[in-house]
Amino acid sequence: MSATIAETTTDWSNALLSELETATIQIEKKQGAVPQWLIEADHWRTFAELAHKLDWRWAAGWAEQQAKTFLVNSCFAKQGEYIWLRTTLNGKKPQLPSQAMVYTGASRCERHTQDMFGIDFTDHPDSRRWIKHQAWPKNRYPLRKDFPLQGQPEDVSPSDTDYQFLRAKGTGVYEIPVGPVHAGIIEPGHFRFQAVGETVLNLEERLAYVHKGIEKLAEGRTPEQLLRLAGRISGDTTVAHSWAACRAMEQAAGINIPPRAAFIRGILCERERIANHLGDVGAICNDVGFAFAQMQFTRLREQWQRNQMNMFGHRLLMDCLVPGGVKQDLSNEQIASMEQELAELRSELDEIIPALDLNSSLEDRLFTAGFLSVKTATDFGALGYVGRASGQDFDVRRDTPYAPYDQINTKVVVEEQGDVASRVWVRIKEVFASIRLIAQMCQQLPEGDIVTAWQTPAGNSEGLGMVEGWRGEIISYVRFADNNTITRFYPRDPSTFNWLALEKIVLNNIVPDFPVCNKSVNGSYSGHDL
Amino acid sequence: MLRLFAKTFKTGIVTERIKTPDSAELETLGIEIKRHIDKHFSGSLAIREVDAGSCNGCELEIHAMNNPLYDAERYGIHFVASPRHADVLLVTGPVSRHMQTALLRTYEATPSPKWVVAVGDCAVCGGEFGGSYASCGAVANVIPVDMTIPGCPPTPETLLKALLGLMKGKGK
Ligand code: SF4
């Protein structure tokens, strides 16, 4: 089985290699957990064009400063195979062609790199600043090594009033600015609507209000300290982000975690998925006035979180992972009570879900609202349930299985309907799938240690960790200095792409349906803004 | 529809009793009240929540206060959509520099008398993020704070007790 996977996967790379050869583009290959391809900066965009032609997905992009140069990286994926593309730029005038002309999804990652490093993507379709508002001066770049963590902030950072939004003109067209402070209990960000009557003509997002300098704060941290930070990139995704950071660090250090630890990580991550899906399905129903579901689902979520407190010591499962394993073991009694808990949750859902399914007013509001076509989802590289409700048949757990998912049977829910209802149903089905996964993990939980002793990684060692979090694929990059401290950390949250998808999802919907459309995507502001 | 009612009846009332905490309990929870709600607010607290840079963890637990087990609204604690309707600003996160002006304006838009409650370690002392080129750190570095609730994030029970403690002080 694994041999056939290896063969087919090499086929994809080989096809790409032969395209590159025809185009006379030289590649230097470096072996590793994710193969690294080094390329001249001039060919940066051409590479993207060839990869796009062969249906590779653009999965991440980030940069790094070395002594006198900059390294720019992109990650491409196809059917579970990853390629890590890298080029080196001159430190004096760092510039290279943009991949965003080919892959729309690359747009904001490149603008992030531009703002944080001062790297110029020459033909970028939208060179407005993105992560930068007014917190630091124009020609200063926080992730350059000569930029101190404290910076030189003004007493009060002025608001970002001169950002140029796209404007619509015409009879009856009007503009609605929303945020950054929203009406509900949600994270801050700005939305600029152009509307006619009730219909949305255009939506533009202005994010980065909660930019906290996470990448800069990571520099100089020990593995344990990095993990505390990674667990707070997005509080709702604490397990998955910690896991991705762990996988990257463990790869760099060349250590394998004990099988039991991998299973416990799997249980934690599936629990996180269930908690978020329960909360969000309730909230989506509430956004269209169906309070029954909101009350039932928040009740289930609360019980679920209390059990997490009892079993793992934290309601949201923060700080449960450690470099090399997990912090805490599970006793046989805890396993038994978890199995009991799963059975109870399933029977509760068996009573609640039919009441949702048969409710015609709910159906009326959710079906056809917030449509995302398969094509747009593909263009943006939409991830997780947003992608999977629009035909993106992709899941790291199944396609690039890491322990424990390489030992259990992961089913992936895919639909093509692409509306709010579809995203809700994908998530409901994912709850049932995760219940089954946890049950399997409980049954197959191997005996043994829960942590492997940490080994100081050689200076300059790197790692790239992928994990399927509840919002979708997370990719984390780390590089170590020679004293067991981090010199570069970049976590790519799935929201990076899903936020882009939201701008399309709301088009031609009525303004009052924006909350439900937004909630059905539920992008992370904090995970995006870093 | 029948299924819906059947489930509602079967679930029954799940709301739990929460006693107003005394000062010893508040102290064990690490809650610090610098200024009590005054006597004009009897039994009702309109709250505007402001995420000034949090990781969203605190928001999840603030949300949980409204679930049927805690049901904060039975104590008159309710969340409003505008600072102009609010008595209390519940502020989370280290204040990101990009949110600094927005927080100041929200504070100005809240009618006096007003109280500011800093929720979570980040809001109380900067937490994991502290102060940097991107973050002002604690909420008190930006606007005056009347009460602090530590925790990463504080549990809904702690949050609810803290708010009850704040209200109980009325008239002192
Ligand atoms: S206190 Fe903890 S949960 Fe709250 S915003 Fe800070 S890191 Fe997130």
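In this text, all values refer to a predicted model and were calculated from it rather than measured experimentally. A note on names: the letters A, B, ... follow the listed sequences, proteins ahead of strands, and every chain is numbered from 1.
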Let me know if [X] has heavy atoms under 4.5 Å from chain B in its side chain, its backbone, both or neither.
X	answer
A:Ile214	side chain
A:Phe147	side chain
A:His182	backbone
A:Leu316	side chain

Quiz item: Taking side chain as C-beta onward, heavy atoms only, is A:Phe292 less than 4.5 Å from A:Ile352?
Solution: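 They are in contact (side-chain heavy atoms under 4.5 Å apart), so the answer is yes.
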
Quiz item: Sub-3.5 Å donor-acceptor pair from the side chain of B:Gln100 to the main-chain atoms of A:Asp155, do we have one?
Solution: yes

Exercise. Please flag which part of B:Phe129 lies under 4.5 Å from any non-hydrogen atom of chain A: side chain, backbone, both or neither.
Key: both

Exercise. Look up atom CG in A:Leu530 and atom CG in A:Leu207, then write down how far apart they are to the nearest 0.5 Å.
Key: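 Result: 11.5 Å between the selected atoms.
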
Quiz item: Judged by modelled atom types alone, do B:Tyr133 and A:His211 share a side-chain donor-acceptor pair under 3.5 Å?
Solution: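 Per modelled atom types, B:Tyr133 and A:His211 side chains form a pair under 3.5 Å.
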
Self-check item: Leading residue by heavy atom contact count with chain B [cutoff under 4.5 Å; candidates A:Ala355, A:Ser159, A:Gly151]
Solution: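 Top count of heavy-atom pairs under 4.5 Å with chain B: A:Ser159.
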
Exercise. Test side chain to side chain donor-acceptor pair (under 3.5 Å) on A:Glu302 and B:Tyr70 and set out the steps.
Key: CA-CA 10 Å; A:Glu302 176 65 26; B:Tyr70 299 109; 2.7 Å; yes

Quiz item: Going through the checks in order, is the side chain to side chain donor-acceptor pair (under 3.5 Å) test met by A:Arg301 and A:Gln305?
Solution: CA-CA 6 Å; A:Arg301 186 189 154 106; A:Gln305 280 190 264; 3.1 Å; yes

Let's test your reading of the structure: which of [options] forms the most heavy-atom pairs below 4.5 Å with chain A?
options	value
B:Ala52, B:Pro94, B:Ser54, B:Ala102	B:Ser54
B:Glu59, B:Lys10, B:Arg3, B:Arg48	B:Arg48
B:Cys122, B:Cys152, B:Pro83	B:Cys152

Practice problem: Inspect the contact between A:Lys132 and A:Asp115 and indicate whether a charged nitrogen and a carboxylate oxygen are less than 4.0 angstrom apart. | Solution: no

